[in-house]
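See below for the structure under consideration.
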Amino acid sequence: MKTIDELLAEGVAGKRVFVRADLNVPLDGTTITDDGRIRAVRPTVAQLAAAGARVVVASHLGRPKGAPDPAFSLAPAAARLGELLGAEVAFATDTVGESARATVDALADGQVAVIENLRFNAGETSKDDAERGAFADQLAQLADVYVGDGFGAVHRKHASVFDLPARLPHAAGGLIATEVGVLKKLTEDVARPYAVVLGGAKVSDKLGVIDHLLEKADRILIGGGMAYTFLKAKGLEVGTSLLQEDQVPAVRGYLKRAEELGVEFVLPVDVLVAGEFPDLKTKAPANPTTVAADAIPADQEGLDIGPETRKLYAAKLADAATVFWNGPMGVFEHPDYAEGTKAVAQALVDSPAFSVVGGGDSAAAVRILGFDENAFGHISTGGGASLEYLEGKTLPGLAALED
């Protein structure tokens, strides 16, 4: 896999360099609520621009239905990238049409442009190879060189991620190189004890990584909505908590296998419950009750790990040498249910372990809850991509960058 340093050594001055970034940032209207992914790709864009490249940045945002949708425009992301670069960033109002061609043609050496949301074109995400390839052909006309630096999308077989690198000389950007290097530390010659913290809503999203990590981790801590499927598998009442009943047999199997392998599975010993889901817009007081994990009332819903579980999890992380964390411990967006996620983040800050926050909601929570990002070993920009890498899957976007 060619690196950006090798590409820069060859010279990029005057060349149109297509950077597949991940600018898929959360928006409140047109206001960016977390610019972490834009900040993560800024160094690669800045390097290329400083070397005289004509940089064409492209990304998806959200899940538009293959047609333009103003709610998913990349215009706010383009403006923020310009602020971070300290230079004007041109913006094309389409992906491969008249605006994109004119905007790219107008670039001078060292200038940067962002083209509109790639998913406004159905060819980007098409499962039909020919349709996807046709869109990649159009994108290739905008560039001379391809740099893959959108780690959050490398697990997708999309036109700009998988098909376009085959049509242009290509290299991996600095962000992708960093992400892959970190993930190798979680899969090859891991420093032990190795603790994994998994949360989030659905246990089905994590079964693949649990299956793979049972062969590698020393202990696995479970929180979030997925914890209630584990508690159910242990025969406990979970009330109206989020539950994937169809996954209970699989979870029982993993608990049994973990015991056989000597991997410690740590489940909540107490939880915060309430009769209804909190209002995340007004953040009105929710007044939850703390109950033991084996005493959840039938008409109550578990929404965060309790204070004893927070202490337990902090203790289980204190002596770890490596920690991977993916998924919040509760509904962290509401202040009454943020303490569990905050406790895990603080435990990672306090631990001497090499800690990796596995993207997605976990990365957002770290920023929303006010933690210094530099206090963690690494905060990934790709939740799904990180998980699939740890599952041992081949990621299309990484395979496409291999020579």
Within 45° of the ring axis of Y194 and under 6.0 Å from its six-membered ring centre, is that where the NZ or CZ of K216 lies?
no
Flag the pair [X] / [Y] as yes when at least one side-chain heavy-atom distance between them is below 4.5 Å, and no otherwise.
X    : Y    : value
I368 : D34  : no
L317 : L221 : yes
E264 : K316 : yes
Q111 : V55  : no

Tell me whether [X] at atom [atom1] has more than 12 heavy atoms from other residues, nucleotides or ligands lying less than 6.0 Å away.
X    : atom1 : answer
K234 : NZ    : no
E10  : CD    : yes
E6   : CD    : yes

Distance-only donor-acceptor pairs under 3.5 Å for side chains of residues 16-23, two or more places apart:
unit_1	atom_1	unit_2	atom_2	d
R16	NE	D144	OD2	3.3
R16	NH1	Q141	O	2.9
R16	NH2	A143	O	3.4
R16	NH2	D144	OD1	3.1
R20	NE	S160	OG	2.8
R20	NH1	H60	ND1	3.3
R20	NH2	H60	ND1	3.2
D22	OD1	N24	N	3.1
D22	OD2	R37	NE	3.2

For the side chain of N117 and the backbone of L61, is there at least one donor-acceptor N/O pair under 3.5 Å apart?
yes
What about the rings of F265 and F230, do their centers lie closer together than 6.0 Å?
yes
Side-chain donor-acceptor pair under 3.5 Å between S73 and E116, yes or no?
yes
